[in-house]
Amino acid sequence: MASAPDPRRTSHYVTNAFYDALVTDFADWQNDDMAVGDVALRDSARAFLEREARLLDRHLLDDWLALFAGECLYWVPATPGGGDPRLEVAVCLDDRRRLEDRVFRMATGSAWSQIPQSRTVRQVTNVETFATGTEGIFMVRSNFVINEFRAGESRGLAGWCGHRLRRAGDGFEILVKQVNLIECDQNLRNPSIII
Amino acid sequence: MPGCLEKMKMEELKPPAGRLANAAPSFDWDALVHDDRVHRTLYTDPDIFAAEMTAIFGGTWTYLAHESQIPENDDFVTTALGLRPIIVVRDSGGVIRALFNRCAHRGATVCRAAAGSAKVFQCAYHGWTYFNTGKLGGVPWPEGYACDFKDAKYNLAQVPRVESYRGFIFGTLNRDAATLVDHLGPMAPIIDQWLDRHPGGRVRLCEANRLKYKGNWKLAYDNSADGYHVKFSHRSLLEMENRLKVGNQKGMSFYKDAPDDSPMYVQYLGNGNHFKDKRPNIEQRPGALWEIEGAHPGMEHFEERLRDRLGEAAARALDLAASEPVNINVFPNLLILGNHIQVLQPRAVDETDTTWYGTAVVDDGNELDGAVDDVNTLRMRTLENFPNFGEVDDAVNFEEIQRGLMAEEDEWIYMHRGLDVPGRIETDENGVITAPATDEVFMRETFKHWKRLMSSPPKLSIQREA
Ligand code: FES
Ligand SMILES: [Fe+2]
């Protein structure tokens with residue numbers, strides 16, 4: 001029997017079923033009746049997101065990649081809500097291999113959009129947790145403000161994230177990170193940092 | 001629609017009222033555009049930018065929108081012609097118009113939406129209401145006016161010449177311009193080839209990767225057929241696309257060694273239009289384009305699905321998901337490249353939006369045997385590659401040019417690669433100029449055209465419904 005394809009080298013898991021689940025999972029999840037009041041869960045989700053922000057601010061991208069499940073998605077929609085990615089392009093829509101491409105490119109020494117490299121500080125706030133239909137899988141909503149300094153100029157990026165997290169050991173792994181920039185459908189200047 | 005011109009009232013435009021003709025800035029264009037170089041102020045001077053926004057954007061045929069954005073009567077999109085806010089609408093009678101998004105009363109825009117469907121546009125400020133032909137329908141409390149609102153001057157202004165070429169809608173304020181198809185000339189069959197690889201010879205515009213850079217709009221237009229920058233500006237992309245070393249060299253690898261010795265070429269086709277053709281680098285057989293497509297989400301899964309479903313015919317379907325290796329550049333603002341329709345929108349002398357519209361395959365005739373959805377699913381992902389991993393680096397390099405050009409005393413920008421090199425550049429009997437991939441002849445010719453437009457700007461006019 002052939003072993004399962006390695007998602008770092010080939011993309012077999014991004015199927016119609018994957019897209020169907022993505023669209024469904026991200027359609028209607030931020031509802032009071034699905035909110036999880038458990039303070040411990042919220043606290044551990046918040047700690048997870050804060051660590052993620054720290055890794056990104058410190059440019060520890062390999063460590064950041066390790067937060068994701070093998071079969072994962074990093075998704076920055078180009079329209080509010082994101083629609084169905086089979087019908088529209090996204091600002092970013094990275095499966096495991098493309099996410100590793102993104103990190104690889106940054107390290108080539110010739111990714112001019114990041115030379116000089118951006119310095120960022122991220123505030124992650126308003127963390128709320130929501131149950132899904134699946135045991136051990138949670139949705140987390142958080143707001144973010146990123147102050148970015150690059151090439152002599154400072155700017156701000158703001159929005160909110162939906163993380164689809166699966167319990168793994170003591171912590172979580174990211175199945176999907178959806179980043180919703182408030183200006184996602186506008187012309188963006190140098191959108192080359194990972195958000 | 002020449003017929004409808006007769007119903008229209010033309011207004012010839014004079015120097016803006018209140019500004020004395022001799023107070024307008026004037027330039028010695030010959031001193032600024034040489035055979036081998038152009039002056040830095042073409043990219044930095046706000047007065048030259050202002051002159052371009054009338055002499056070029058609107059002075060010549062300028063791309064406005066794609067018909068697939070307004071498929072039904074009453075559909076509209078908002079855009080700009082230079083800096084003028086514009087509503088491109090398919091009116092209730094089916095005529096495509098480019099209305100000035102500017103209330104005839106005191107100037108507010110009458111439409112704030114990016115797109116939609118509307119039979120009328122009502123100004124939010126005092127409620128004047130216009131039909132989507134631009135004609136004034138009514139004003140609140142008309143008894144307070146002594147004027148005759150049937151006077152055409154109270155209707156919305158509109159672009160006097162609006163024409164489409166195979167779905168691409170252009171407009172110009174130059175009433176005397178040649179027809180669009182004559183203006184495109186030898187570009188028209190190149191656009192045909194780009195469309196005709198698709199079922200039914202057409203595409204549908206979809207959502208876009210939208211980018212902005214702090215630099216002059218011409219930096220992007222100069223770049224669009226520039227084969228000289230690829231190996232350097234896109235070095236990280238070339239490395240990334242080949243990092244897994246699977247199969248053929250991916251993407252633009254044909255730029256890596258000696259691009260001028262390769263069969264690709266660049267052409268200048270008149271009126272500022274140019275064309276970079278990379279297709280000759282690729283074997284002319286179904287499936288060859290797909291084989292050099294870079295990795296993207298779902299690639300292997302959907303490829304297997306298409307091969308299972310279509311057998312041999314999968315090769316053509318997969319090629320439709322792969323990026324077409326051409327740059328078709330229609331001066332001043334339409335860049336058809338890969339599967340993108342990229343539109344340049346100047347915002348200021350040093351700020352430009354580049355919107356990379358995706359295009360989807362439409363297969364009403366079922367030429368792809370039910371596979372069109374899978375093809376588009378792959379195509380959305382291949383469309384994302386270049387804006388994410390290529391264009392961001394170019395855009396930052398454009399910004400660094402804008403920064404470098406602040407060195408006021410160092411005046412010249414050179415574009416003389418290929419100039420006077422014997423046997424390098426060919427001109428055919430129709431005036432089409434062909435040169436090796438990294439040649440800058442297309443820029444030199446474009447600036448000659450630019451100089452012609454700037455030195456003797458066409459007479460501009462607007463029109464209103466009568
Ligand atoms: S500005 Fe439009 S109605 Fe007054
Ligand atoms: Fe480029």
Side-chain angles (χ1 to χ4, degrees), chain A residues 5 7-19 73-79 83-116 150-153 183-193, chain B residues 114 206-214 232-241 243-244 246 294-302 304-305 340 345 347 351-358 360 373-374 376-381 383-385 387-389 391-397 399-400 403:
Chain A
R8 301 180 58 197
R9 297 190 63 86
T10 64
S11 185
H12 283 92
Y13 70 93
V14 180
T15 62
N16 272 322
F18 179 89
Y19 280 118
L73 193 74
Y74 167 69
W75 180 20
V76 186
T79 54
D84 184 335
R86 286 169 290 195
L87 307 176
E88 58 182 83
V89 295
V91 176
C92 307
L93 195 145
D94 298 358
D95 63 351
R96 161 61 63 175
R97 178 176 55 186
R98 193 186 257 180
L99 207 46
E100 295 192 2
D101 278 345
R102 188 177 292 280
V103 170
F104 173 92
R105 196 183 80 85
M106 300 272 205
T108 57
S110 50
W112 309 117
S113 51
Q114 277 298 302
I115 296 173
R150 183 188 172 278
E153 290 176 57
E183 56 195 332
C184 68
D185 55 357
Q186 303 298 303
N187 293 74
L188 304 169
R189 183 179 176 208
N190 191 4
S192 59
I193 61 164
Chain B
C206 46
E207 284 302 329
N209 287 98
R210 295 168 191 270
L211 298 172
K212 174 191 287 298
Y213 64 89
K214 291 280 190 184
F232 304 94
S233 194
H234 300 305
R235 180 177 297 178
S236 68
L237 170 62
L238 295 173
E239 279 182 44
M240 185 197 91
E241 283 186 320
R243 75 178 172 94
L244 292 173
V246 187
H296 53 274
M299 181 180 202
E300 287 79 5
H301 167 74
F302 284 97
E304 284 168 18
R305 247 170 86 88
H340 283 105
Q345 176 58 57
R347 296 290 176 201
E351 182 177 340
T352 307
D353 288 347
T354 68
T355 300
W356 297 61
Y357 289 98
D373 290 346
D374 284 356
N376 282 329
T377 296
L378 286 174
R379 186 159 157 138
M380 293 306 119
R381 300 292 82 78
L383 281 162
E384 288 154 356
N385 270 347
N388 267 272
F389 305 119
E391 188 59 17
V392 285
D393 289 342
D394 274 345
V396 160
N397 286 335
E399 295 197 354
E400 294 296 328
R403 195 187 297 251

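These numbers come from the heavy atoms of this one structure, side chains and all, not from hydrogens, waters or symmetry mates.
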Where is the tightest heavy-atom contact between B/Val396 and A/Ser113, given as atom of each residue plus distance?
CG2-CA, 3.6 Å
Going by distance alone, is a donor N or O of one side chain under 3.5 Å from an acceptor N or O of the other, for A/Glu88 and A/Thr79?
yes
Atom group of A/Leu73 that falls short of 4.5 Å from chain B, counting heavy atoms
neither
Atom group of B/Phe232 that falls short of 4.5 Å from chain A, counting heavy atoms
backbone
Residue from B/Ala360, B/Gly358, B/Cys206, B/Ser233 scoring the most non-hydrogen pairs under 4.5 Å with chain A is B/Ser233
Reported CG-to-CD distance for the pair A/Asn190 and A/Glu153, which is rounded to 0.5 angstrom:
10.5 Å
Non-hydrogen atoms of chain A under 4.5 Å away: do they reach the side chain of B/Ala295, the backbone, both or neither?
both
Where on B/Glu391 is there a heavy atom nearer than 4.5 Å to chain A: the side chain, the backbone, both, or neither?
neither
Does any heavy atom of chain B fall under 4.5 Å from the side chain of A/Tyr13, the backbone, both, or neither of them?
neither
Bottom line for A/Asp84: the part with an atom under 4.5 Å from chain B's heavy atoms is neither
I'd like to know if the side chain of B/Asn397 reaches the main chain of A/Trp112, judged simply by a donor and an acceptor atom lying under 3.5 Å from each other, with no hydrogens or angles considered.
no
If the condition is ring pair (Phe, Tyr, Trp, His ring centres under 6.0 Å), which residues does A/Phe104 pass it with, not counting sequence neighbours?
none
Can we say B/Glu399 and A/Arg189 salt-bridge, meaning some charged N sits less than 4.0 Å from an Asp/Glu carboxylate O?
yes
Contacting region of B/Asn209 [heavy-atom separation from chain A under 4.5 Å]:
both
Before you tell me yes or no, could you show the steps for B/Asp394 and B/His234 under side chain to side chain donor-acceptor pair (under 3.5 Å), namely the whole-Å CA-CA distance, both residues' side-chain angles and the distance that decides it to 0.1 Å?
CA-CA 8 Å; B/Asp394 274 345; B/His234 300 305; 2.9 Å; yes
Select, from B/Met299, B/Glu239, B/Glu241, the one with the greatest count of heavy-atom pairs under 4.5 Å involving chain A.
B/Glu239
Who wins among B/Ala395, B/Gly298, B/Pro387 for the most heavy-atom pairs under 4.5 Å with chain A?
B/Gly298
What part of A/Ala107 gets within 4.5 angstrom of chain B, counting heavy atoms only: side chain, backbone, both, or neither?
neither
Considering only heavy atoms and a distance below 4.5 Å, find which of A/Pro7, A/Cys184, A/Ala111 pairs most often with chain B.
A/Ala111
Side chain, backbone, both or neither: which part of A/Gln186 has an atom under 4.5 Å from a heavy atom of chain B?
backbone
Gap between atom OG1 of A/Thr108 and atom CD1 of A/Ile115 - 0.5 Å precision:
6.5 Å
Top contributor to chain B contacts, counting heavy-atom pairs under 4.5 Å, from A/Met106, A/His12, A/Arg98
A/Arg98
Counting heavy-atom pairs under 4.5 Å with chain A, the top scorer among B/Arg403, B/Glu207, B/Arg243 is B/Arg243
Side chain, backbone, both or neither: which part of A/Thr10 has a heavy atom under 4.5 Å from chain B?
both
Please find the pair of heavy atoms, one from A/Val89 and one from B/Arg381, that lie closest to each other, and give the distance.
CA-NH2, 4.2 Å
Results of side-chain hydrogen bond (donor to acceptor under 3.5 Å, both in side chains) for A/Arg150 - residues two or more places apart only
none
Segment of B/Ala208 engaging chain A (4.5 angstrom heavy-atom cut-off):
backbone
Considering only heavy atoms, which portion of B/Phe302 lies under 4.5 Å from any heavy atom of chain A: side chain, backbone, both, or neither?
side chain
Ignoring hydrogens and angles, state whether a donor on the side chain of A/Ser192 or A/Gln114 is under 3.5 Å from an acceptor on the partner side chain.
yes
Heaviest contributor of heavy-atom pairs below 4.5 Å to chain B, chosen from A/Arg9, A/Arg8, A/Arg97, A/Arg86, is A/Arg97
Between A/Pro85 and chain B, with a heavy-atom cut-off of 4.5 Å, which part of the residue counts as in contact: side chain, backbone, both or neither?
both
So which of B/Asn376, B/Asp373, B/Leu383, B/Asp353 has the biggest tally of heavy-atom pairs under 4.5 Å with chain A?
B/Asp353
Report the C-alpha separation of B/Glu384 and A/Leu93 in whole Å, then their side-chain angles, then the decisive distance to 0.1 Å, and conclude whether the side-chain contact (heavy atoms from CB on, under 4.5 Å) test is met.
CA-CA 8 Å; B/Glu384 288 154 356; A/Leu93 195 145; 3.7 Å; yes
Region of B/Arg305 in contact with chain A, defined by heavy-atom distances below 4.5 Å
side chain
Using a distance-only test with no angle check, is there a side-chain donor-acceptor pair under 3.5 angstrom linking B/Thr354 and B/Trp356?
yes
